[in-house]
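What follows is a single structure, written as structure tokens, with notes after it.
Quick note on labels: first sequence line is chain A, next is B, and so on, each numbered from 1.
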Amino acid sequence: MRTTQELLQALNSEQQEAVTAVDGPVLVVAGPGSGKTRVLTHRIAYLIAEGYAHPHQILAVTFTNKAAREMRERLAQLLDPRVAEHVMAGTFHGICARILRVEYAALGYPSFVIYDDEDQLALVRHVLEELNLDPKRFSPRAILARISAAKNQQISPASYPVESYFDEVVARVYPHYEQRLERANALDFDDLLTKTLALFDEFPEVLQRYQDRWRYIHVDEYQDTNHLQYLLVRALARGHRNLFVVGDPDQSIYGWRHADIHNILNFKRDYPDAREIHLSMNYRSTATIVRAADHVIRANRLRIQRTLRTLNDTGLPITLWACADDLEEAMRVVEEIRILVARGLRQYRDFAILYRTNAQSQPLEQALVQAGIPYQLIGGLRFYERREIKDALALLRILINPADDVSLRRVIENTPLGNGIGKQTWRSLERVAAQHAMPIGLLLRDHHLACCELTGRTRQRLAILADHLQRWQTLSCELSASALFARMLDEAGLSALYREARDPEDIDRWENLTQLASLLQQYDHLPADQGIPLFLDEAALVTDADLLNDERNHVTLITFHAAKGLEFPVVFLVGIEEGLVPHSRSIENEAELEEERRLFYVGLTRAKEQVYISFANRRLRWGTSSWSVRSRFLDDIPDELLEYGGKPKRRSFPEHSLEQRSRLHHTPTPTVRLRKGMRVFHKTFGDGIVVDVHDLPGDQEVAVAFKRHGTKRLLVSLANLTVE
DNA sequence: AGCGCTCAGCTTTTT
DNA sequence: GCTGAGCGCT
């Protein structure tokens, strides 16, 4: 346990001022790299060390679960780990889920599941189906976005304003969507916030309990809070009025998710007695990077005017690369990494490659694989979004919550257990369910479907399904979560489907299911019916950034958005082109354009020592090549901070023009022809076994099951495999 | 009901 | 270029 002296010694005067501003509302405007996380953790430690509060009277809201975990780890270092664990730290969504779990149980409400994005989308599709609306004319995505926006403004289905024909469609879908959520005991992401607010509204004594408990409330990344989160904070902070928010309006990049930059800009209006403290000294980046970032952001109008300062050295100029196409861009990035590592100047873990859209990772990945450089990809297809994982989770979800019809349908459509139950059957089930105003799952479980017009065989299949559901539910009181899960996988036919499969993708799927099972084991100390809901909450709320691995030595591939809050010695900002940064969807609108600029600013300021910026004149998009020009944002970086990189020299791997690229596969390779069962070695992935071979003219495409990295599909001509 | 083929839309960013 | 939804055939 540190003494107060020691805690404060590690801080500059601005930071000390923030840490010791104990009472009342405090706004900390913290520029990038100004030690904002440090201030937050040290302040919490200070409050505890000085006896202002017990750990469990402190609330800390962070943007990601990872940030919450790191905060707890740092507190554990500053204080005693057993003390630190009592601080409530988490995301808004996570904290609301926990509050609702506890309070709903106390009120005798039924348990709930959290519908993620994909579930929500499926639900919208089901509603469209029911209303006989064409999902091609009315994009489920767009409808869902409108519904979410409405929820964020607390507009009820009944009062949805109609100004266009599309609004009319939304207005029809929205009430059904809400009804179905309710019928399924399901909450979507927005509901976690709205239902918590509603709970506080309806039961003031519950709110008061939390107000009393949390004497000190901290909100990180306050610039990215939305209206509902703002209301939650306001409600909770009304108790002791000790609200400490930290943020940077210049780093507000989640407007599209209804984040409202005005929450931070108007903080002083909401809390007139608030102290405002600016942390403007940057400790992270070289003076060059700080100056460049400052010039970029200065062009924005919607901001608090200020200048970033640093005492760091000038450092290296920013390298700017004009590339012919996206392949050359990827090649240059990879070549640069290779050289710097080869010279012993850097390690792989020092590098991050940042891009605007997930799709851009593809050529970069390919180049990294070719060069044998290990990397980790953040974003893209996430573990919990994989098909087989969602199917397995659907099984667990209907076990915990038989009313969950979206999951039931998923099980019917995607597991052998649902064979013989098709669309027609589902439609008639829906009709019966609507008549009884009951979820299908409950009707099914309690065998109330005898009445409907189903033929003998279909009815039999449904009865088998219902029996399974009932038996699993009985078993949930007897078996551990993971034992029950294994049994469900067997009996639903998923094990048989994947375990003995030869298709490498299925082998992959089975591995993922095994991994899911081992994650579930962490909850085995609880009875299955308690452990599984907690596990499911986590599955719905963790993000990829939470899984980011700092220990292993590899290059990080990540979007600008996901990189917020992180830092790396060397950062590559790729695809800095009109249409990408700023994105074409934002170019029309001034406010959105400013957000794009902030995004670029966030990217720049992730770098500690070195920045490379690249753009390409031609880029593959949707399989066809299109022209692009450098981003307008580059014009804001003073020339003296830039260094134009020359043409790349031909090195380890050739530069392929678009025409050459299609011919690439035909290049004959003098290697051994691979056959199934051969043991091979790959520079990045290590040992593996060939599980599938596809002969191409002059080449082979093989699937290799690697011991440590799962199954990958590789082209022999590119992958540089050695046969053992 | 299930399989396989075709075609369209997709990609902004994510709790 | 890929995926997933829809359609038509068995």
Side-chain angles (χ1 to χ4, degrees), chain A residues 61-68 90-97 114-118 120-122 125 128-129 134-137 139-142 144-145 148 152 187-193 221 224-226 228-229 252-259 354-363 378-382 384-385 387 412-414 416 418-426 455 457-458 461 537-546 558-564 575 579-587 592 595-596 598-600 602-603 619-626 661-662:
Chain A
V61 188
T62 57
F63 194 71
T64 62
N65 295 300
K66 179 170 180 264
T91 62
F92 277 105
H93 291 86
I95 287 165
C96 286
I114 301 168
Y115 275 5
D116 68 15
D117 198 54
E118 198 187 332
Q120 293 167 34
L121 217 47
R125 286 205 188 93
L128 289 176
E129 202 174 279
D134 183 2
K136 275 182 186 160
R137 282 191 62 198
S139 133
R141 257 259 104 77
L144 187 61
S148 173
N152 271 274
L187 303 184
D188 66 18
F189 283 139
D190 300 316
D191 285 343
L192 290 172
L193 310 176
E221 309 281 11
D224 281 322
T225 50
N226 63 32
L228 300 174
Q229 294 165 343
S252 167
I253 55 174
Y254 281 91
W256 52 274
R257 218 174 70 190
H258 314 115
L354 272 59
Y355 39 79
R356 179 63 219 269
T357 67
N358 282 306
Q360 287 169 258
S361 71
Q362 208 271 324
I378 309 299
L381 187 58
R382 277 164 259 175
Y384 286 113
E385 282 170 13
R387 211 185 106 151
I412 289 174
E413 282 179 357
N414 295 321
N419 285 356
I421 305 168
K423 205 167 194 173
Q424 286 313 312
T425 312
W426 184 263
T455 62
R457 212 186 51 186
T458 314
R461 300 288 323 179
D537 280 358
E538 188 171 313
L541 296 174
V542 290
T543 62
D544 239 36
D546 300 332
I558 193 167
T559 63
F560 280 85
H561 282 92
K564 186 176 80 159
L580 235 33
V581 187
H583 196 271
S584 48
R585 305 264 270 239
S586 310
I587 277 173
E592 288 178 30
E595 180 155 314
E596 295 290 311
R598 293 195 290 268
L599 193 58
F600 182 52
V602 166
R619 180 174 296 279
L620 275 188
R621 251 184 143 174
W622 298 332
T624 49
S625 141
S626 58
R661 209 187 303 182
S662 59

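The same atom, C1', is picked in dT11(B) and in dG6(C); the two are 23 Å apart, to the nearest Å. Comparing the P positions of dT13(B) and dG4(C) gives an interatomic distance of 16 Å, to the nearest angstrom.
Between Asn226(A) and the phosphate of dT15(B), there is no side-chain N or O to OP1/OP2 separation shorter than 4.0 Å. One finds no side-chain N or O of Asn65(A) lying less than 4.0 angstrom from the OP1 or OP2 phosphate oxygen of dT15(B). Applying the 4.0 Å criterion to OP1 and OP2 of dT14(B), one finds that Thr559(A) has a side-chain N or O inside that range.
Here the nucleotide nearest the side chain of Thr357(A), chosen from dT15(B), dT13(B), dA5(C), is dT13(B). For Ala359(A), the side-chain atoms get nearest to dT11(B) when compared with the rest of dT15(B), dT11(B), dA5(C). The nucleotide whose nearest atom lies closest to any side-chain atom of Arg125(A) is, among dT15(B), dT13(B), dA5(C), dA5(C).
In this structure Phe92(A) satisfies the ring-ring contact (aromatic ring centres under 6.0 Å, His included) test with no other residue, sequence neighbours excluded.
Rounding to whole angstrom units, CZ of residue Phe600(A) and P of dT13(B) are separated by 19 Å. Atom CD in Glu118(A) sits about 16 Å away from atom C1' in dT15(B), given to the nearest Å. Put simply, CG on Leu144(A) is 13 Å from C1' on dT15(B), counting in whole angstrom units. The CZ-P distance, from Arg387(A) to dG4(C), rounds to 8 Å in whole Å. Taking atom CD of Gln229(A) as the reference point, atom P of dT14(B) lies 16 Å away to the nearest angstrom. For Tyr355(A) and dT14(B), the OH to C1' distance is 14 Å, given to the nearest whole Å. For the pair Leu121(A) CG and dG4(C) C1', the interatomic distance rounds to 12 Å; values are reported in whole Å. Across the protein-nucleic acid pair, Asp117(A) atom CG and dT15(B) atom P stand 10 Å apart, rounded to whole Å.
With centroids closer than 5.5 Å and planes inclined by less than 30 degrees as the test, Phe63(A) and the base of dT15(B) fail to qualify as a stacked pair.
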Contact list (N/O, under 3.5 angstrom) for nucleotides 2-8 of chain B vs protein:
| unit_1 | atom_1 | unit_2 | atom_2 | d |
| --- | --- | --- | --- | --- |
| dG2(B) | OP1 | Gly420(A) | N | 2.7 |

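Backbone-only engagement by Tyr254(A) is indicated by non-hydrogen atom pairs under 4.0 Å involving sugar-phosphate atoms exclusively.
A salt bridge is absent between Glu592(A) and Arg585(A): the closest approach of a Lys/Arg side-chain nitrogen to an acidic carboxylate oxygen does not fall below 4.0 angstrom.
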Next item on the list: With side-chain contact (heavy atoms from CB on, under 4.5 Å) as the test, would you mind laying out the steps for Gln362(A) and Leu620(A) before giving the verdict?
Entry: CA-CA 11 Å; Gln362(A) 208 271 324; Leu620(A) 275 188; over 6 Å; no
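In this structure, Arg619(A) and Leu580(A) have side chains that are in contact, with non-hydrogen atoms separated by less than 4.5 Å.
Aromatic ring centres of His583(A) and Trp256(A): separated by at least 6.0 Å. Between Tyr115(A) and Phe189(A), a ring centre-to-centre spacing not shorter than 6.0 Å is recorded.
Note: Ser361(A) OG to Ile378(A) CD1 = 11.0 Å, rounded to the nearest 0.5 Å.
A donor and an acceptor atom, one from each side chain of His258(A) and Asn226(A), are nowhere located under 3.5 Å apart.
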